[in-house]
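Here the structure comes first, spelled out in structure tokens, and everything after it is commentary.
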Amino acid sequence: MNKQTPRFVVVQDEETVKKLSGLNAAVANMPFDPFYGAQDVIIVLAKKECTYVYDGSLAMGNLMNAAWSMGIDSRWIHRAKEVFDSEEGKQLLNKWGIEEDVEGIGFCILGYAAEEKEKTEIKDGRVFFVS
Ligand SMILES: Cc1cc2nc3c(=O)[nH]c(=O)nc-3n(C[C@H](O)[C@H](O)[C@H](O)COP(=O)(O)O)c2cc1C
């Protein structure tokens, strides 16, 4: 249907990254930086139409795959919905000129991991071959 519901906000300035991290931490009362010190963040929002949550989620996944293909580490950071449902979040959207009815889908943090993540075991039984 060519709805193109996802919206992307690229944040690279330190002050705004800090502000977003603070708003994110406040949602779940987190005592640490939920962005793990990342300096580059792409916020994915989606205009509330049709399959927008799935659209935005797919955009998040594609961003992460694209980052990986370029040798850049990334992680999906949650609570974008709550951040942009809040008064302060709405003020930011307004400041950025996003006036549509959007929902926060995720924060894609980008950077280089300080240490390599332990390889996780892939669980069996998740794929069903049927006939
Ligand atoms: C919807 C979603 C939200 C996530 N939110 C966070 C988060 O807030 N903080 C975080 O450190 N990782 C977050 N992650 C990453 C997961 O904790 C986990 O590391 C990642 O999904 C790895 O997938 P696995 O569990 O299949 O190994 C999120 C992932 C998804 C898909």
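For this chain, numbers begin at 1 and follow the sequence in order. Both backbone and side-chain heavy atoms feed into the values below; hydrogens, waters and symmetry mates do not. Ligands are counted one by one from 1 in listed order, and the atoms in each one are counted from 1 as well. Fair warning: this is a prediction, and the values are worked out from it, not measured in the lab.
- Under the 4.0 Å criterion applied to side-chain N and carboxylate O atoms, E14 and K18 are assigned as salt-bridge partners.
- The nearest protein heavy atom to atom 20 (C) of ligand 1 is not closer than 4.0 Å.
- E88 and K19 are joined by a salt bridge, as a carboxylate oxygen and a charged side-chain nitrogen come within less than 4.0 angstrom of each other.
- Using a 4.5 Å cut-off on side-chain heavy atoms (C-beta onward), Q39 and Q12 make no contact.
- Looking from atom 8 (O) of ligand 1 to the surrounding protein, the closest heavy atom is H78 N, 3.0 Å.
- Annotation: atom 12 (N) of ligand 1 to nearest protein heavy atom, R75 CD, 3.3 Å.
- Ligand-side atoms of ligand 1 in range of R79: 8 (O), range being under 4.0 angstrom from any heavy atom.
- Closest to atom 1 (C) of ligand 1 among all protein heavy atoms lies W76 CE2, 3.4 Å.
- The nearest protein heavy atom to atom 6 (C) of ligand 1 is closer than 4.0 Å.
- Scanning all protein heavy atoms for the shortest distance to atom 22 (C) of ligand 1 gives K117 NZ, 4.5 Å.
- The nearest protein atom to atom 11 (O) of ligand 1, hydrogens excluded, is given as Y36 OH, 2.6 Å; this is a heavy-atom distance.
- A side chain to side chain contact (heavy atoms under 4.5 Å, CB included) with V9 is found for exactly one of L92, I42, I98, namely I98.
- Of all protein heavy atoms, the one closest to atom 9 (N) of ligand 1 is I77 CD1, 3.6 Å.
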Criterion side-chain hydrogen bond (donor to acceptor under 3.5 Å, both in side chains) on S21 and N24, from CA distance to verdict
CA-CA 5 Å; S21 162; N24 191 306; over 6 Å; no
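- Side chain of R7 to backbone of T5: a donor-acceptor contact under 3.5 angstrom is found.
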